[in-house]
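First up is the structure itself, then whatever we jot down about it.
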Amino acid sequence: MVTIALYNLKGGVGKTAAAINLAYLSAKQGYKTLVWDLDPQGSSSFYLGAEASVKNEAKKILNGEMDLASAIQQSAYEHLDIIPADLSARHADILLSEMKQSKKKIASLLSTIKKDYDVVFLDCPPGISVLHDAVFSGIDWILMPNIPTTLSIRSFESVLQYFKENDLDASKLKCFFSMVDHRKNLHHEVINTFYKDKLFFKSYIPYLSDVEKMGVHESPLETFAASSYAAQCYQDLWKEIKQRCIN
Ligand SMILES: Nc1ncnc2c1ncn2[C@@H]1O[C@H](COP(=O)(O)OP(=O)(O)O)[C@@H](O)[C@H]1O
Ligand SMILES: [Mg+2]
């Protein structure tokens with residue numbers, strides 16, 4: 001089982017869109033795939049049409065009242081399952097900060113389902129917190145979408161700094177550019193500078209309205225725009241991820 005967290009300190013950078021579209025592609029290729037929605041906003045859950053079945057489910061998973069496996073739901077797509085988030089996921093930091101060995105919590109929960117899945121995507125809330133520390137140390141890869149703008153790059157650099165200061169394994173960190181606007185010189189300049197950095201995948205996701213339409217269709221991009229340029233971009237990105245992180 002390979003575990004990949006979609007993460008950024010910043011919100012609104014395309015984490016959820018990537019988690020869902022990459023997970024869909026993974027499942028389509030026959031990998032048993034799970035999306036674990038850790039964001040109280042529940043956007044991944046929404047795209048896969050899932051809702052927590054128990055009150056305060058996210059909280060109960062973290063405090064041990066509920067097994068991770070029993071929170072898993074099937075999506076409408078073959079090989080693709082989801083652990084939905086509810087608003088109680090907002091308490092994750094408080095719960096974990098009251099726990100001994102909180103940094104090992106995500107790893108120990110994931111170990112209970114490791115025989116059941118080939119690939120697990122964790123859709124993280126933005127920020128850096130106790131929950132993120134547990135994610136950083138408990139998963140194989142941290143996949144970070146970055147919009148090629150000044151503020152976005154500042155947040156990327158803060159994350160790198162955080163990894164350094166906390167002795168975290170920065171080799172887990174992989175990045176791709178997201179919401180790229182070809183009309184903007186700044187986007188080109190930032191991309192060209194950062195491509196020298198091996199942290200970044202060559203494939204990137206442009207700013208495209210087909211991605212936004214996932215909200216209207218309440219489903220992964222491929223289900224309503226399989227031959228679109230946007231779908232092609234996620235396919236290219238998935239190919240690179242597979243080469244570097246899965247095979
Ligand atoms: N490549 C893209 N092009 C256009 N809109 C996008 C793109 N990626 C995401 N969006 C839209 O931007 C918003 C934030 O994206 P989302 O994936 O939810 O970000 P995050 O999970 O990082 O907060 C959503 O409305 C989404 O539809
Ligand atoms: Mg999100």
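When a ligand or atom number is given, it counts from 1 through the structure's own listing order. Since this is a predicted model, take the numbers as computed values, not measurements.
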Return each pair, listed once, that meets ring-ring contact (aromatic ring centres under 6.0 Å, His included) where at least one residue sits in residues 85-135; pairs must be two or more places apart or across chains.
-> Y7-H132
Between D123 and S44, is any side-chain donor less than 3.5 angstrom from a side-chain acceptor?
-> yes
Have N146 and Y204 got a donor and an acceptor in their side chains that come within less than 3.5 Å?
-> no
State whether D210 and K213 are salt-bridged, where the test is any N-O pair (Lys NZ or Arg NE/NH1/NH2 against Asp/Glu carboxylate O) under 4.0 Å.
-> yes
Give the protein residues with at least one non-hydrogen atom closer than 4.0 Å to an atom of ligand 1, ordered by chain and number.
-> G11, G12, V13, G14, K15, T16, A17, Y47, M179, I205, P206, Y207, L208, V211, E212
Are Y24 and Y234 close enough that their ring centers fall under 6.0 Å?
-> no
T16 N/O/S atom closer than 2.8 Å to the Mg ion (ligand 2) = yes
Out of L22, I241, L122, which one pairs with I4 under the side chain to side chain contact (heavy atoms under 4.5 Å, CB included) rule?
-> I241
